[in-house]
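Heavy atoms only: backbone and side chains are in, while hydrogens, waters and symmetry mates are out. Here is how names work: the chains are called A, B, and so on, in the same order as the sequence lines, proteins then strands, and each is numbered from 1.
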Amino acid sequence: MEKILMKGNEALGEAAIRAGCRHFFGYPITPQTELAAYMSKMMPKVGGTYLQAESEIAAVNMVLGAAAAGVRAMTSSSSPGVSLKGEGISYMAGSDLPALIINVQRGGPGLGGIQPSQADYWQATRGGGHGDYHILVLAPSTVQEMVDLVSLAFHLAETYRMPAMLLADGMLGQMMEPVSFDETDKYPPLQKPWAASGHGGKRPHNVINSLYLTPQTLENLVVERYKRYEIAKEKEQRAECFETSDAELVLVAYGASARVARSAVMQARQEGLKVGLVRPITLWPFPEKALKDTLSTAKGYLAVEMSMGQMIDDVKLAIECQRPVELCSRTGGMIPTPDEVLAKIHAMMGGKA
Amino acid sequence: MIKELQTVFAGFGGQGILFAGKVMAYAGMMEGRELSWLPSYGPEMRGGTANCSVCLSEKAIGSPLIVHPDALVVMNRPSLEKFEDSVVPGGVIIVDSTMVDAPVTRKDVEVYSIPASELADKKGLSGLANMILLGALYHVRQFCTKEHLEEGLKKCIPARKAHLAEGNRTALQLGYSLV
């Protein structure tokens, strides 16, 4: 398949269309606007719906409606806009609806800035809205992976009947890299017997709802949902392990900061330092198994993030605090440099080898 | 041929900074390199400074944000001031001397001052100083074959702007002979 150069944001749009998504509800915000713009240009050409809603809240609720009807639906935004979508995401989780939400993160809190950030980790991996629930969270680190994870996100969302979020950032959204697209959709849409898509008088009607006034009923539903979450945790953890087989220091980083960490690991290896990188591809479920596997050689861990330290909590939980875990981070739209990470590696390993 | 090259293009928004980087990126792709193209984005693009980072390599690109460029192409004075010190020793700085009225003070890098904007105007290639400078960079740092560079340029020009291809190519070729 021929490779083409695409911006991350546009590649996300193209990948969604190729994954059979024909319903996009958006609202512009830097640095994800090119995604909405791409959809506005392409959706009419494939017989799909591009709708610019009056707000992020409206957009996410349109996604809820479309998902309830059983189609592959999505919305995208950046950090402040995703906060607004929190209500709809919670309602979708409470209604067991699959849908895709893309967050091209920027600095926060508040309106924050427009430069790349990873400070929405907690929001994404803890659900983002009210109530007991999780969403699936996937974290690409290249433009090609943005493409590959879109169809996977729809597939997992449908498999587990959960909203899925693709957590990117301004760097990945804005940058161009060569990408290729599969000729055939790896994960065609699943059957949705639960969808409110018209019963034609042939079956009882389906109800999509998240309101349950009887506590016992609601508890039962939430507990059932958590059983599904356990299956997802068991089966869907994904991570890339780079130079970890003998690593005494294991870096943990996802998305854009994983690229920075990888550069630092390569430099450290040239210096003879036994350093590796675990790059979570799924943030929920967090790749606990991949991290536990590194315990046999690791003496310490270093979380590299574009936040004040959020994923680091999950690293500590995954290894059950059996080793020291330190943080190398920038925030507010600042991007750590490989030199900064390398300096931290040197500090943790007691100088150069 | 150079297989690893980290280049920063910088200037005012509207000078074709991002486009020059895109041509280089496409040329790298034609050459079969790993590559990334990362623009500055946001309010700075509107009349202020714009820049982009292009990484070419045989290996997967780590951080696409270039901290220490091997090559710097600058089209305004604020960009020279911002990026001059970041260039690696032994690197190259290419300056549009029509636009930059200050000398490059670094002594440990190759410097090529080319009045690209003035030349472009004289040759009927107004607005194509970016391609002249890219051609000059190519002449001193051959990061791909000439065929791939010109093929890369073609890829960057959409069909509805096909009439601009010839001028861009002429400007690029003019750049080859200036250093």
Restricting to non-hydrogen atoms, name the atom on [X] and the atom on [Y] that form the minimum distance, rounded to 0.1 Å.
X      : Y      : value
A/Q174 : B/W37  : O-CZ3, 3.7 Å
B/P39  : A/M175 : CD-CA, 4.2 Å
A/E177 : B/L35  : CG-O, 3.6 Å
A/I4   : B/M29  : CA-CE, 4.0 Å
B/Y41  : A/I114 : OH-O, 2.6 Å

So which residue, [options], ends up with the most heavy-atom pairs under 4.5 Å with chain B?
options                : value
A/P31, A/P338, A/A261  : A/P31
A/K3, A/R262, A/M171   : A/M171
A/P178, A/S141, A/A264 : A/P178

Does [atom1] belonging to [X] count more than 12 external heavy atoms closer than 6.0 Å?
X      : atom1 : value
B/E58  : CD    : yes
A/L111 : CG    : no
A/K274 : NZ    : no
A/M334 : CE    : no

Return yes if some donor-acceptor pair links the side-chain N/O of B/S63 with the main-chain N/O of A/R259 below 3.5 Å, else return no. no

Could you state the interatomic distance from CD1 (B/I66) to OG1 (A/T337), rounded to the nearest 0.5 Å?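 Rounded to the nearest 0.5 Å, the CD1-OG1 separation comes out at 13.5 Å.
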
Is B/H68 close to A/D339 at the side-chain level, that is, under 4.5 Å between some pair of heavy atoms?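 Yes - at least one pair of side-chain heavy atoms lies under 4.5 Å apart.
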
Among B/G62, B/C156, B/S53, which residue has the highest count of heavy-atom pairs closer than 4.5 Å to chain A? B/G62

If I measure from the heavy atoms of chain B, does A/E2 come under 4.5 Å with its side chain, its backbone, both, or neither?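 Only the side chain of A/E2 comes within 4.5 Å of chain B.
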
